[in-house]
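Just so it is clear, the structure is predicted and the values come from calculations on it, not from any experiment. Quick note on labels: first sequence line is chain A, next is B, and so on, each numbered from 1.
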2 protein chains.
Amino acid sequence: MARWQPDAPGRLAAAALDLFEERGYENTTVIEIAERAGLTKSTFFRYFPDKREVLFGGGTVAGLVVEGIASAPPTTGPLDAAADALDALGRTFFTADRREFSGRRQAVLDANPELREREALKRIDITAAMVEALTLRGAPSLTARAVAALAALAWEVAYDQWIEAGNSEGFGPLARRALADVLAAGAVR
Amino acid sequence: MARWQPDAPGRLAAAALDLFEERGYENTTVIEIAERAGLTKSTFFRYFPDKREVLFGGGTVAGLVVEGIASAPPTTGPLDAAADALDALGRTFFTADRREFSGRRQAVLDANPELREREALKRIDITAAMVEALTLRGAPSLTARAVAALAALAWEVAYDQWIEAGNSEGFGPLARRALADVLAAGAVR
DNA sequence: AGGGTCCATGAGACCAAGTCCCATCACCGG
DNA sequence: CCGGTGATGGGACTTGGTCTCATGGACCCT
């Protein structure tokens with residue numbers, strides 16, 4: 001048996017998700033996660049800064065959104081740039097093959113306060129990244145913040161729908177529609 | 001010397017804020033906080049579920065907002081109900097005498113990831129509470145969510161302005177104006 | 001005044017998360 | 001066959017957080 005099986009972080013994440021589903025997050029120790037992945041505590045903390053982060057893998061999402069916003073044509077308004085970014089996210093990250101995993105992961109997140117807390121932080125950070133990307137396109141500060149907040153809400157709505165079983169639609173279209181709906185709802189007066 | 005000086009939680013919070021300012025959150029141990037307050041680790045964890053929570057006192061804020069939304073006249077629309085709630089918050093919680101403390105506290109929060117994370121969770125929870133309160137008034141789900149998101153943003157904007165030195169305006173007026181500005185900014189199209 | 005009861009606090013054992021330092025061993029090139 | 005490099009293991013150590021039991025003030029009641 002080779003000592004170095006490939007993709008240690010991936011094995012750790014998979015083992016963690018399994019164990020969290022079986023016994024719950026709180027009743028699972030980092031040592032147990034590492035053991036199931038055929039590794040040790042040392043190696044776990046070499047790849048993840050803490051226990052929670054094992055379910056938040058790359059953190060590439062923020063980068064993708066920023067990239068999506070930045071790569072929209074310069075004449076595109078902030079709202080459409082955000083919509084394009086969400087759409088791009090559906091093409092590059094929230095792909096069909098990731099749907100089942102995302103659903104399992106989300107169920108675990110929802111069940112634990114500590115994990116919800118980390119999720120909340122990620123959301124704030126991503127929103128801040130969107131604000132910065134929009135500001136870089138010339139959007140006024142408040143506009144950027146309002147658009148980012150609404151886009152984050154649309155993201156959340158679309159993500160929930162995407163995860164639901166029986167819904168075969170892709171994340172991109174769901175997000176576009178969610179953003180339009182959120183805008184309509186936010187324009188009440 | 002009386003063994004039981006009054007307001008143990010308050011003394012702990014004050015000691016914690018002092019120490020966090022002096023040495024930073026990470027370099028301060030719970031035992032040190034307790035010692036400065038003339039107490040022990042045991043007592044600390046009797047009043048606060050964890051080290052972070054010492055800066056998030058009552059958690060009464062969510063209750064106040066919910067109450068503010070619920071107590072608006074039934075014919076008031078969701079947006080105005082939210083505005084009223086923010087205004088009420090300015091009268092009952094973000095009062096002038098709390099401004100200096102809030103500023104110090106916020107500086108500490110901003111300086112530490114762990115504390116920012118807890119803050120993010122609080123924000124999410126408060127937003128969820130607003131959504132529920134608005135839904136109870138009969139607002140459609142998406143409307144409630146959009147309004148809550150924008151109100152939370154306005155809250156953040158107003159809070160930053162309120163904390164800034166030299167700004168003698170109350171939180172309530174600042175929040176009302178911020179909400180109007182955010183709405184105008186979010187209506188871009 | 002004296003005794004008993006309640007309740008906030010103290011004391012300390014215990015576990016798991018997270019940090020750190022160094023040893024080890026597979027792989028790869030020479 | 002040998003030495004270097006880089007991923008992994010091992011284990012000591014600190015701190016957050018839980019739990020259980022002991023302690024001793026304050027207050028009441030007679």
Side-chain angles (χ1 to χ4, degrees), chain A residues 1-20 22-59 108-109 111-119 121, chain B residues 1-20 22-59 108-109 111-119 121:
Chain A
M1 188 179 69
R3 179 176 180 183
W4 291 344
Q5 294 182 317
D7 193 21
R11 276 154 49 214
L12 286 167
L17 185 55
D18 286 347
L19 285 168
F20 293 165
E22 289 172 19
R23 326 180 186 172
Y25 176 84
E26 307 250 59
N27 299 321
T28 304
T29 190
V30 169
I31 296 184
E32 291 168 343
I33 299 171
E35 271 174 2
R36 175 163 302 201
L39 296 166
T40 65
K41 187 183 155 190
S42 295
T43 303
F44 181 97
F45 285 110
R46 212 183 309 277
Y47 288 108
F48 303 102
D50 57 50
K51 184 182 170 187
R52 306 165 188 183
E53 200 66 19
V54 72
L55 290 187
F56 294 85
V108 172
L109 293 193
N112 190 275
E114 240 177 282
L115 293 171
R116 286 205 322 122
E117 190 173 27
R118 177 58 49 88
E119 196 187 12
L121 179 61
Chain B
M1 188 179 70
R3 178 178 181 183
W4 291 341
Q5 293 182 318
D7 192 22
R11 275 153 51 213
L12 286 167
L17 184 55
D18 285 348
L19 286 168
F20 294 165
E22 289 174 20
R23 328 181 185 171
Y25 176 84
E26 307 250 59
N27 299 321
T28 304
T29 189
V30 170
I31 296 185
E32 290 168 344
I33 299 171
E35 270 174 3
R36 175 163 302 202
L39 296 166
T40 64
K41 186 183 156 190
S42 296
T43 303
F44 182 97
F45 285 110
R46 211 183 308 277
Y47 288 108
F48 303 102
D50 58 51
K51 184 182 170 188
R52 306 165 189 185
E53 200 66 17
V54 72
L55 289 187
F56 293 85
V108 171
L109 293 194
N112 190 275
E114 241 176 281
L115 293 172
R116 286 205 322 121
E117 190 172 27
R118 176 59 48 88
E119 197 188 10
L121 179 61

* To do: Indicate yes or no: does Lys51(A) engage Glu114(A) in a salt bridge with an N to O separation below 4.0 Å.
  => no

Please state whether the base of [N] and the side chain of [X] form at least one donor-acceptor pair under 3.5 Å?
X        : N       : value
Arg46(A) : dG6(D)  : no
Ser42(B) : dA11(C) : yes
Lys41(A) : dG10(D) : no

* Residue Lys51(B), side-chain atoms from C-beta onward, closest of dG16(D), dG18(C), dT8(D) -> dG16(D)

* Check whether any side-chain N or O of Thr43(A) sits under 4.0 Å from OP1 or OP2 of dA7(D), and answer yes or no. => no

* To do: Please state whether the phosphate of dA7(D), meaning OP1 or OP2, lies under 4.0 angstrom from any side-chain nitrogen or oxygen of Tyr47(A).
  => no

* To do: Looking at every strand, decide which applies to Leu39(B) at a 4.0 Å heavy-atom threshold: base, sugar-phosphate, or nothing.
  => sugar-phosphate

* Specify the angle, to 10°, made by the local axes at the two ends of the helix from dA1(C)-dT30(D) to dG30(C)-dC1(D) when five pairs are taken at each end. => 0°

Show the nearest heavy-atom pair for residues [X] and [Y], with the distance to one decimal.
X        : Y        : value
Leu39(A) : Leu12(A) : CD1-CG, 3.9 Å
Ala8(A)  : Tyr47(A) : CB-CE1, 3.7 Å
Asp50(A) : Phe45(A) : CA-CE2, 4.0 Å

Nearest-angstrom distance from the residue atom [atom1] of [X] to [atom2] of [N]:
X        : N       : atom1 : atom2 : answer
Leu12(A) : dA17(C) : CG    : P     : 14 Å
Tyr25(A) : dA16(C) : OH    : P     : 14 Å
Asp7(A)  : dT8(D)  : CG    : C1'   : 15 Å
Phe45(B) : dT20(D) : CZ    : P     : 17 Å
Glu35(A) : dA16(C) : CD    : P     : 12 Å
Arg52(B) : dG17(D) : CZ    : C1'   : 12 Å
Gln5(A)  : dT8(D)  : CD    : P     : 11 Å
Phe44(B) : dT18(D) : CZ    : P     : 11 Å

* Under a 4.5 Å cut-off applied to non-hydrogen side-chain atoms, are Asp7(A) and Pro9(A) in contact? -> yes

* To do: Decide yes or no on side chain to side chain contact (heavy atoms under 4.5 Å, CB included) for Phe56(B) and Glu119(B), but give the supporting numbers first.
  => CA-CA 8 Å; Phe56(B) 293 85; Glu119(B) 197 188 10; 4.1 Å; yes

* To do: List for me each residue that meets ring pair (Phe, Tyr, Trp, His ring centres under 6.0 Å) alongside Tyr25(A), sequence neighbours excluded, and say none if there are none.
  => Phe20(A)

